[in-house]
Amino acid sequence: MAETEQSVGPNAKGKNKKRQTQPVEESELLTVPDGWKEDPFTKEDNPRGLLEESSFATLFPKYREAYLKECWPLVQKALNESFVKAELDLIEGSMTVTTTKKTFDPYVIVRARDLIKLLARSVPFEQAVRILQDDMACDIIKIGSLVRNRERFIKRRQRLLGPKGSTLKALELLTNCYIMVQGNTVSALGPFSGLKEVRKVVWDTMKNIHPIYNIKALMIKRELAKDPELRSKSWERFLPQFKHKNVSKRKEPKKKSVKKDYTPFPPPQPESQIDKELASGEYFLKESQKRRKKLEEVKTKQAEAVTKRQEERNKAFIPPKEKPITKPQKASTSAKIDVNAIKDKVKKAKGKKLGALPEEEVKKKLSEKKKKK
């Protein structure tokens, strides 16, 4: 028996070594199995409660005062289940949440803080209460400082909403998140993976990348995630690649200056006034001759100007061209006139009571009136 035990021993050690040396893929460790859920945190996990009280407070705008006043009893009821105290101060315009001695969950105060933050950012109570669930998270994205020009900011923020809110609805369906665009912030509520995609889409939209491109990519990713073989592989070959076309709106000048070819030699020296006079022969003329020549030039220019003015004045007296007179065409007598048809029309017209009554009827009416009297 001892021999058999010795022969079995080394084989068993070898098997254990093989098991220990087998490499484990990182993707298997990181992936969460389907249908797996973390156990909820109960009072049994922390029976003694918390050592100290902690509180968070946030301010809310004036226009949210009426809504918060209505739904505050529901907020208190939802937080009392986790033993968290909620206070609403309408004078200061603030909401405060604090832990109590009965509070056992240390992270519930952070969720309560997120709840009052969402309520302050115009998220309705029905959606904001979902933050108290374990598998829910929220993200408040600040977009006010991403675009300097106010008009551009409003246009890009409108792109997130889309026509009749269709773009925002598509994002909500693809990311499983509730999205609220309000003022200078975008509030999102949903699972962690969806919030990551929402932040990326919002940032890209404010950087002048239309959300439809990201929506197309999300639709493809959604279909690829259904295939278990492609989960651990790269999806870059399936995703569309959109090139950014930067079209410059700078107007080109009408007169373009064409650069001349470079030459090492300097340009020729321009001719002086004396050189021009020497070439034309004016240099050798006397002063009296020069004056006479200038006077002649002035007179010729004046004569040209006078003729031009006279032509412009005479234009008003020139009669316009008349249109050629067209002779009226004679009516064709080829079409035969139906005399009998015209007679019938005249008879019918007489039978109808149109306009003034005939003399006989007028006399009858007058006689009737006299009899009555």
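Atoms considered below: every heavy atom in the structure, side chains included; atoms not considered: hydrogens, waters and symmetry mates.
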Next on the checklist: Does anything in residues 141-161 form a side-chain hydrogen bond (donor to acceptor under 3.5 Å, both in side chains)? List the pairs, not counting sequence neighbours.
Outcome noted: Arg159-Asn208
Checklist outcome for this item: side-chain hydrogen bond (donor to acceptor under 3.5 Å, both in side chains) pairs touching residues 268-281, sequence neighbours excluded, are Ser272-Asp275
Give the minimum heavy-atom separation between [X] and [Y], together with the two atoms involved.
X: Phe125; Y: Leu119; result: CA-CD2, 4.0 Å
X: Pro191; Y: Met136; result: N-SD, 4.4 Å
X: Leu90; Y: Phe60; result: CD2-CZ, 4.2 Å
X: Val129; Y: Ala78; result: CG1-CB, 4.5 Å
X: Gly144; Y: Phe153; result: CA-CE1, 4.1 Å
X: Gly190; Y: Leu195; result: O-CD1, 3.8 Å

For the atom pair [atom1] ([X]) and [atom2] ([Y]), what is the distance rounded to the nearest 0.5 Å?
X: Cys138; Y: Leu118; atom1: SG; atom2: CG; value: 4.5 Å
X: Asn184; Y: Ile143; atom1: CG; atom2: CD1; value: 7.0 Å
X: Asn46; Y: Thr42; atom1: CG; atom2: OG1; value: 9.5 Å
X: Leu59; Y: Met95; atom1: CG; atom2: CE; value: 8.5 Å
X: Leu173; Y: Leu218; atom1: CG; atom2: CG; value: 11.5 Å
X: Lys364; Y: Leu366; atom1: NZ; atom2: CG; value: 12.5 Å

Given 3.5 Å as the limit, does a donor-acceptor pair link the side chain of [X] with the main chain of [Y], or not?
X: Arg111; Y: Ile131; answer: yes
X: Asp45; Y: Phe41; answer: no
X: Thr99; Y: Ser54; answer: yes
X: Thr167; Y: Pro163; answer: no
X: Ser82; Y: Leu79; answer: no

Do [X] and [Y] have side-chain heavy atoms sitting under 4.5 Å apart?
X: Cys177; Y: Glu172; answer: no
X: Val84; Y: Thr100; answer: no
X: Leu115; Y: Val75; answer: yes
X: Val181; Y: Leu168; answer: yes
X: Arg292; Y: Glu296; answer: yes
X: Lys294; Y: Arg291; answer: no
X: Leu50; Y: Ile109; answer: no
X: Tyr67; Y: Ser122; answer: no

Checklist entry - side-chain hydrogen bond (donor to acceptor under 3.5 Å, both in side chains) with Gln182: which residues, sequence neighbours excluded? => result Tyr63
Item to check | Test log, rule salt bridge (charged side-chain N to carboxylate O under 4.0 Å, His left out), inputs Arg199 and Glu197 | outcome: CA-CA 5 Å; Arg199 181 170 271 274; Glu197 294 293 341; over 6 Å; no
Item to check | From Val201, Val202, Leu171, residue fulfilling side-chain contact (heavy atoms from CB on, under 4.5 Å) relative to Asn214 | outcome: Val201
Common cluster, [X]/[Y], ILVMFWY with side-chain heavy-atom separation under 4.5 Å:
X: Ile179; Y: Met206; answer: yes
X: Met219; Y: Val198; answer: yes
X: Phe56; Y: Leu132; answer: yes
X: Leu74; Y: Trp72; answer: yes

Salt bridge check, [Y] against [X]: does any charged N sit closer than 4.0 Å to a carboxylate O?
X: Glu65; Y: Lys62; answer: yes
X: Glu297; Y: Lys299; answer: no
X: Glu53; Y: Lys101; answer: no

Checklist entry - Parallel, tilted or perpendicular: which describes the rings of Phe104 and Phe83, with under 30° parallel and over 60° perpendicular? => result perpendicular
Other residues, nucleotides, ligands: >12 heavy atoms within 6.0 Å of [X] [atom1]:
X: Ile274; atom1: CD1; value: no
X: Gln289; atom1: CD; value: yes
X: Trp203; atom1: CH2; value: no
X: Phe238; atom1: CZ; value: yes
X: Gln133; atom1: CD; value: yes

Checklist entry - Going through the checks in order, is the side-chain contact (heavy atoms from CB on, under 4.5 Å) test met by Leu174 and Arg222? => result CA-CA 8 Å; Leu174 290 166; Arg222 195 181 188 182; 3.8 Å; yes
Checklist entry - Yes or no on side-chain contact (heavy atoms from CB on, under 4.5 Å) for Asp135 and Phe192, after CA distance, side-chain angles and deciding distance? => result CA-CA 8 Å; Asp135 57 342; Phe192 289 100; over 6 Å; no
Checklist entry - Does the pair Ile342 and Asp344 meet the rule for a side-chain contact (heavy atoms from CB on, under 4.5 Å), with working shown? => result CA-CA 5 Å; Ile342 292 162; Asp344 293 334; over 6 Å; no
Next on the checklist: For a side-chain contact (heavy atoms from CB on, under 4.5 Å) check, start with the C-alpha distance between Asp89 and Thr96, then their side-chain angles and the critical distance, and finish with the verdict.
Outcome noted: CA-CA 8 Å; Asp89 192 349; Thr96 313; over 6 Å; no
